[in-house]
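Working notes, beginning with the structure itself.
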Amino acid sequence: MDSRAVLTLFVLSSILLFKDNVCVAYKKTVTQPHVLFILADDLGFNDVSYNGRNHGSAMKTPTIDKLAAEGVTLGNYYVQPICTPTRSQLMSGRYQIHTGLYHRNFYPDRPQCLPLDEITFPQKMKDSGYATHMIGKWHLGFHKKECLPTYRGFDTFLGYYLGSEGYFNHNRSDSVEGIKMNGYDFHRDVGENLTPAWEYNGQYSTFVFTQEAQNILRQHKPTDKPIFMYLPYQAVHGPMEVPEQYTEPFKDKIKDKTRLNLAGMVSCMDEGIANITKTLKETGLYDNTIMIFSTDNGGPTILHYNNWPLRGAKGTLWEGGVHGVGFVHSPLLPAQVQGTVNKAFIHVSDWFPTIVQSIAGGQLNGTKPLDGFDVWDSIIKGTSSPRKELLHNIDPYFVKVTNITQLPSPFTPDIHAALRVGDWKILTGNPGVYNGWIPPLESGIVPIQPVMPEGKNIWLFNITADPDEKYDVAYKNPSVVKMMLAKLAEYYNTTVPVLWPDPDPNCDPANHGGVWGPWM
């Protein structure tokens with residue numbers, strides 16, 4: 001064999017080895033696929049019409065419904081109960097007890113961020129040869145510039161650093177030690193160039209984020225790096241603001257003003273996803289793109305978001321807080337799984353290893369030990385999930401139940417915690433304030449509020465048989481309770497110190513040109 005033949009054989013072998021875990025995963029493609037990850041904010045389980053149409057909801061999401069119906073709908077998919085924890089687990093692939101972020105959300109006045117020694121998801125995508133773009137809500141810290149998206153693996157960022165703000169004016173107010181603060185939070189960052197984006201003042205954020213995504217897609221050239229785009233919309237988190245044309249179609253069915261605005265916000269986001277999908281097709285990128293859609297937590301029922309028939313809401317460890325809406329859509333998916341509902345056990349932390357390793361063809365070396373699993377085979381082949389259990393959270397600083405008689409156990413059951421092992425789910429302590437079954441306002445169904453015995457601090461459910469958490473079987477299964485408490489104790493022993501610093505008034509935007517931004 002001559003030297004040219006040897007060289008050719010070596011190059012072909014190298015390409016096949018590099019692409020092996022990508023090619024077996026979906027239809028063969030000559031280049032790494034583009035990856036579009038869309039994260040909706042506070043979208044309830046029953047606030048997409050492919051769920052809601054069967055449960056009395058007037059919400060309309062034709063684009064989301066179509067993309068899910070043509071792809072793989074994730075029927076056993078989990079997120080965290082509030083914003084920052086879900087985002088931290090997506091970006092790090094690690095449980096919040098292992099990053100110190102297990103207590104509440106990030107607030108503007110606290111100097112905290114995803115620990116800087118954590119290797120992030122976008123950093124690994126860059127290592128895998130991708131151009132990385134983020135558009136939307138960060139909510140993983142900003143007190144130091146090193147905490148910001150373009151220092152954590154993204155090439156570009158357009159959006160806001162905090163957890164909520166006005167959709168039009170992009171302002172956020174806060175109060176620290178009696179000092180009232182208000183500032184603008186909209187930024188265009190490229191590398192180390194951090195710039196307040198004043199030009200978007202008055203523009204509705206869902207429009208802005210959609211158009212930015214379309215612009216990036218249109219500017220892509222065939223010779224460019226593949227795109228990884230992370231699009232965490234502001235929608236549909238409060239405040240309840242939306243252009244009036246989006247509420248008009250719902251006025252006959254929804255009389256409550258807050259829920260009416262929510263319907264419009266959901267509809268506007270759905271339209272934005274339709275426009276991005278159209279641009280993908282117009283630019284020729286669609287055929288080599290994998291789109292993943294997820295909510296970040298359950299809907300806050302106090303504001304008439306809806307998770308029916310699931311129990312609970314955002315901020316709770318009940319299924320209504322953590323059982324998320326999600327799907328994967330792509331023409332690269334095998335034909336046999338397109339249009340199916342996948343029941344594999346999947347968590348938001350699983351996207352890090354799944355996308356980096358099986359979709360991008362990258363390596364996971366250099367990360368801290370991941371709590372996420374590569375679930376790509378489960379999605380595209382229907383095999384069982386490598387995930388057998390899931391720690392929903394342990395928060396010893398959460399409000400504790402009082403007046404209890406503790407069971408003999410290695411784990412203190414008054415601590416706010418929840419764990420899934422196989423079919424079983426245990427909750428301890430106070431799972432959260434909103435613990436009922438709340439139907440959509442427009443459905444006419446009567447809400448159900450459970451009787452919560454004083455001092456009760458352990459619940460056990462067979463989630464496979466009882467996904468709505470109606471039948472507590474703790475006292476019928478003491479051996480299962482004992483096993484689950486022992487596992488919680490094992491997890492508790494791996495918990496790092498909580499990251500919850502005191503408020504710092506130096507964050508005041510008045511000291512920084514009227515803008516929320518790094519102050520340390």
Side-chain angles (χ1 to χ4, degrees), residues 78-120 138-144 146-148 152 161-164 174 176-177 296-297 314-317 321-322 347-349 352 367-372 389-402 404 406 409-419 426-433 457 485 487-507 518-520:
Y78 286 84
V79 290
Q80 295 307 107
I82 51 178
C83 305
T84 295
T86 287
R87 287 164 170 76
S88 73
Q89 297 205 34
L90 173 63
M91 289 291 113
S92 70
R94 286 160 51 78
Y95 288 152
Q96 52 199 101
I97 64 164
H98 295 148
T99 59
L101 308 183
Y102 46 86
H103 182 60
R104 306 181 72 176
N105 274 321
F106 281 179
Y107 294 96
D109 54 8
R110 295 182 187 268
Q112 55 190 164
C113 74
L114 180 68
L116 298 177
D117 59 352
E118 295 286 345
I119 301 297
T120 67
W138 178 233
H139 208 190
L140 285 175
F142 71 100
H143 68 288
K144 294 181 178 180
E146 291 82 8
C147 298
L148 299 177
R152 304 308 300 266
Y161 300 152
L162 304 181
S164 64
D174 197 21
V176 184
E177 299 177 356
D296 68 338
N297 45 250
K314 174 183 178 177
T316 78
L317 294 173
V322 297
H347 181 243
V348 67
S349 64
F352 186 141
T367 67
K368 292 186 176 183
L370 299 181
D371 295 304
E389 60 187 62
L390 169 61
L391 179 68
H392 290 296
N393 196 25
I394 300 174
D395 182 0
Y397 300 97
F398 201 84
V399 177
K400 294 182 179 180
V401 174
T402 57
I404 61 171
Q406 294 184 1
S409 166
F411 177 76
T412 306
D414 66 337
I415 290 177
H416 171 85
L419 172 70
I426 192 170
L427 300 96
T428 64
N430 180 351
V433 175
N457 65 346
L485 290 174
K487 281 189 172 289
L488 278 171
E490 291 174 11
Y491 278 113
Y492 191 59
N493 290 336
T494 70
T495 302
V496 303
V498 67
L499 183 60
W500 191 248
D502 291 334
D504 182 356
N506 291 316
C507 68
W519 75 90
M520 296 179 73

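- Put simply, NE2 on H98 and OG1 on T494 are 3.0 Å apart, with the number rounded to the nearest 0.5 Å.
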With a 3.5 Å cut-off and sequence neighbours excluded, list the donor-acceptor pairs that the side chains of residues 110-119 form with protein atoms.
from, atom 1, to, atom 2, distance (Å)
R110, NH1, P501, O, 2.7
Q112, NE2, L499, O, 3.1
D117, OD1, K368, NZ, 3.3
D117, OD2, K368, NZ, 2.8
E118, OE1, R94, NE, 2.9
E118, OE2, R94, NE, 3.2
E118, OE2, R94, NH2, 3.4

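- Using bins of under 30°, 30° to 60° and over 60° for the plane-to-plane angle, the ring pair W519/F142 lands in the perpendicular bin.
- We find the CG-CG distance between D109 and D504 to be 8.5 Å, quoted to the nearest 0.5 Å.
- Closest approach of Y397 to V498, counting heavy atoms only: CE1-CG1, 3.4 Å.
- Side-chain contact between I97 and N393 is present, with at least one heavy-atom pair separated by less than 4.5 Å.
- Between Y95 and L391 the shortest heavy-atom distance is OH-N, 3.4 Å.
- Considering only heavy atoms from C-beta on, L485 comes within 4.5 Å of T428 through its side chain.
- A side-chain donor-acceptor contact under 3.5 Å links T86 to the backbone of D296.
- Side-chain atoms of N457 come within 3.5 Å of backbone atoms of P413 as a donor-acceptor pair (strictly under, hydrogens ignored).
- Put simply, the side chain of H347 never gets that close to the backbone of G372: no donor and acceptor are under 3.5 Å apart.
- Residues W138 and R87 come closest through the heavy atom pair O-CD, 3.4 Å.
- Put simply, the side chain of Q80 never gets that close to the backbone of V322: no donor and acceptor are under 3.5 Å apart.
- Nearest approach of L317 to A417, heavy atoms of both residues: CD1-C, 3.5 Å.
- Nearest heavy-atom pair across D174 and V176 is OD2-CG2, 3.9 Å.
- Taking 4.5 Å as the limit, every side-chain heavy atom of I394 sits out of range of all side-chain heavy atoms of Y102.
- In this structure, the separation between OG on S88 and CG on L101 is 5.0 Å, given to the nearest 0.5 Å.
- For the atom pair CG (L427) and NE2 (H416), the distance works out to 9.0 Å, reported to the nearest 0.5 Å.
- Under the 4.5 Å side-chain criterion, counting only non-hydrogen atoms from C-beta, P396 is in contact with I415.
- Using a 4.5 Å heavy-atom threshold, the side chains of T84 and L140 count as touching.
- Using a 4.5 Å heavy-atom threshold, the side chains of E146 and P518 count as separate.
- Of all non-hydrogen atoms in S92 and L370, the two that sit nearest each other are O-CD2, 3.4 Å.
- Ring pair Y78/H392 is tilted by interplanar angle, where 30° to 60° counts as tilted.
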